[in-house]
**Q** 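Pasting a structure here, questions to come.
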Amino acid sequence: MKLTNEELKEKIIELKEKLDVTIVAHFYQRDEVFEIGDITGDSLELAKKTQDDNSEFVLFCGVAFMGQSVKVLSPHKRVVMPKLACCSMARMIDSMYFDDSVKAMNEAGISSDNILPITYINSNADVKAKVGEMGGMVCTSSNAKVIITTALKEGKKILFVPDRCLGQNIANNMGLKSAVIGEDENIADADIICFNGFCSVHQLFSLDDIAFYRKKYPGILIATHPECDPSICDASDFVGSTSQIIKYIKELDPEQKVAVGTEFNLVNRLRSKNTYVLSSTKPECPTMNETTLEDVYVTLKAIEDGSPINEIEVDTNTQKWAKIALERMMAL
Ligand code: 13P
Ligand code: SF4
């Protein structure tokens, strides 16, 4: 017989008391999974807090690059994921596409010595390793501006992968010039040269959605994630990472109306009479939603039985260089 969520929750709590395991959950997880997280937060907070945690096992409820980043930063930890769900944006680039991007820049007259690569944390370890080997670093949506500011001090052209929107939004915010490989001519003129990747969930928000809310509720604020298209971020009152959006909304006057452009589970948790989802289509991240309480229970049970499932492994060379790229970010 299928267990109810309440029964599963009880069993999960019982197992957690017996085992040396920390449950980590991103804001985009289903409510019932998010609620059992010992550590919750945005991508940067999860990476930092999990690094400081001492449990033998990390049970990561999120998408694969997140669990992989924990393993890369702390290879002695055993990282398991209830679902090996992948971020569709992270899947848009691998080490071959990364090399092709460097080649495209070379063909545009930019020598490899003059390229500093930055990868959004939403990328797999092989891409992070390539970036680390070339002297570059990782960024997240909450620290991208700091990372780019530091990177620019080297006086090189920035290759930004995989999210063109985050790269373009930061460039616009800092008054820099950006270009997208394969889309724009004269990429050599730009300061930030972006790979043409994107998040399909954040592409759902449109200028029509913003116009609709502004017309319906004059004075409403619009808060969006920097994975949205630059046209959307330019038309927003606030742009920030998941944690930054939550903080922004919690600090607003309760009577202030706000429409939020990021993943549904997060916005739904914030929803009140004055907080709206900035989309007529439910902006769910299908892969973040794959993980269920039952998956968490099964994964904990496998640890108890001595045969953990869905354990994350990263080969030594990839781990070494990806760690360097992640640690350069952590140091800032
Ligand atoms: P945050 O770093 O803002 O949590 O974003 C992660 C993510 O995948 C957004 O789509
Ligand atoms: Fe990846 Fe987009 Fe899902 Fe975030 S919302 S995990 S970027 S697919």
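Both counts, for ligands and for their atoms, begin at 1 and track the order of listing. Source: prediction; values computed, not measured.
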**Q** Test of understanding: given a 4.0 Å heavy-atom threshold, classify the contact between Asn122 and ligand 2 as side chain, backbone, both, or neither.
**A**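 Side chain only; the backbone of Asn122 stays clear of ligand 2.
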**Q** Under 4.0 Å from a heavy atom of His225: which atoms of ligand 1 are those, numbered in the order shown and with their elements?
**A**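 Reading through ligand 1 atom by atom, the close ones are 1 (P), 3 (O), 5 (O), 9 (C).
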**Q** Answer yes or no: does an N/O atom from Ser141 fall short of 3.5 Å to an N/O atom of ligand 1?
**A** yes
**Q** What do you reckon, does Cys199 put a non-hydrogen atom under 4.0 Å from ligand 1?
**A** no
**Q** Starting from atom 8 (O) of ligand 1, locate the nearest protein heavy atom and write down its residue, its atom name and how far away it is, to 0.1 Å.
**A**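 In this structure, atom 8 (O) of ligand 1 has Asn122 ND2, 3.1 Å as its nearest protein heavy atom.
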**Q** Answer yes or no: is there an ion pair linking Lys2 with Glu294, defined by an N-O contact shorter than 4.0 Å?
**A** yes
**Q** Can you tell me if OH on Tyr213 sees more than 12 non-hydrogen neighbours from other groups inside 6.0 Å?
**A**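 Buried by this count: over 12 neighbours within 6.0 Å.
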**Q** Just heavy atoms, cut-off under 4.0 Å: does Thr242 contact ligand 1 by side chain, backbone, both, or neither?
**A** both
**Q** Looking at ligand 1, does Glu45 have a heavy atom less than 4.0 Å from it?
**A**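 Contact check Glu45 vs ligand 1: negative.
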**Q** Under a 4.0 angstrom heavy-atom cut-off, which atoms of ligand 2 come close to Tyr28?
**A**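 Within the 4.0 Å cut-off of Tyr28, ligand 2 contributes 4 (Fe), 5 (S).
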**Q** Any chance the side chains of Thr140 and Ser142 put a donor and an acceptor closer than 3.5 Å?
**A** yes
**Q** Could you tell me which atoms of ligand 1, counted from 1 in the order shown, lie closer than 4.0 angstrom to a heavy atom of Glu227?
**A** 7 (C), 8 (O), 9 (C), 10 (O)
**Q** Judged by non-hydrogen atoms, does Glu263 sit under 4.0 Å from ligand 1?
**A**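 Glu263: no contact with ligand 1 (<4.0 Å).
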**Q** Do the ring centers of Tyr28 and Phe34 come within less than 6.0 Å of each other?
**A**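 Judged by ring-centre distance (under 6.0 Å), Tyr28 and Phe34 do not meet the cut-off.
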**Q** State plainly whether one hydrophobic cluster holds both Val131 and Val146, where clusters connect Ile, Leu, Val, Met, Phe, Trp and Tyr through side-chain heavy atoms under 4.5 angstrom apart.
**A**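 In one cluster: no.
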**Q** Is Tyr28 in contact with ligand 1, taking contact as a heavy-atom separation below 4.0 Å?
**A** yes
**Q** Using a strict 4.0 Å cut-off to heavy atoms of Ser241, name the atoms of ligand 1 that fall inside it.
**A**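 This gives 3 (O) as the contact atoms.
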**Q** When you compare the side chain of Lys9 with that of Tyr297, does any pair of heavy atoms fall below 4.5 Å?
**A** no
**Q** Are Ile193 and Ser178 packed together at the side-chain level, in the sense that at least one heavy-atom pair is separated by less than 4.5 angstrom?
**A**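 No, every pair of side-chain atoms sits at 4.5 Å or beyond.
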**Q** Go through ligand 2 atom by atom and flag the ones less than 4.0 Å from a non-hydrogen atom of Cys199.
**A**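 Ligand 2 atoms under the 4.0 Å threshold to Cys199: 2 (Fe), 5 (S), 7 (S).
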**Q** Considering Ala64, Cys285, Pro162, Ala90 one by one, which has a heavy atom nearer to atom 3 (Fe) of ligand 2 than any of the others?
**A** Cys285
**Q** Could you check which of Cys87, Gly197, Ser88, Ser43 puts a non-hydrogen atom nearest to atom 1 (Fe) of ligand 2?
**A**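 Considering heavy atoms of Cys87, Gly197, Ser88, Ser43, the nearest to atom 1 (Fe) of ligand 2 sits in Cys87.
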**Q** Would you please indicate yes or no on a ring centroid separation below 6.0 angstrom for Phe160 and Phe195?
**A**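 So the answer is no for these two rings.
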**Q** Answer yes or no for Glu263: is there a heavy-atom contact with ligand 2 below 4.0 Å?
**A** no
**Q** Does this structure show an ion pair linking Glu304 with Lys301, if we count only N-O contacts that are shorter than 4.0 Å?
**A**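 So Glu304 pairs with Lys301 through a salt bridge.
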**Q** Using a strict cut-off of 4.0 Å, indicate which atoms of ligand 1 neighbour a heavy atom of Ser43.
**A**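 Checking each atom against Ser43, I get 1 (P), 2 (O), 4 (O), 5 (O), 6 (C).
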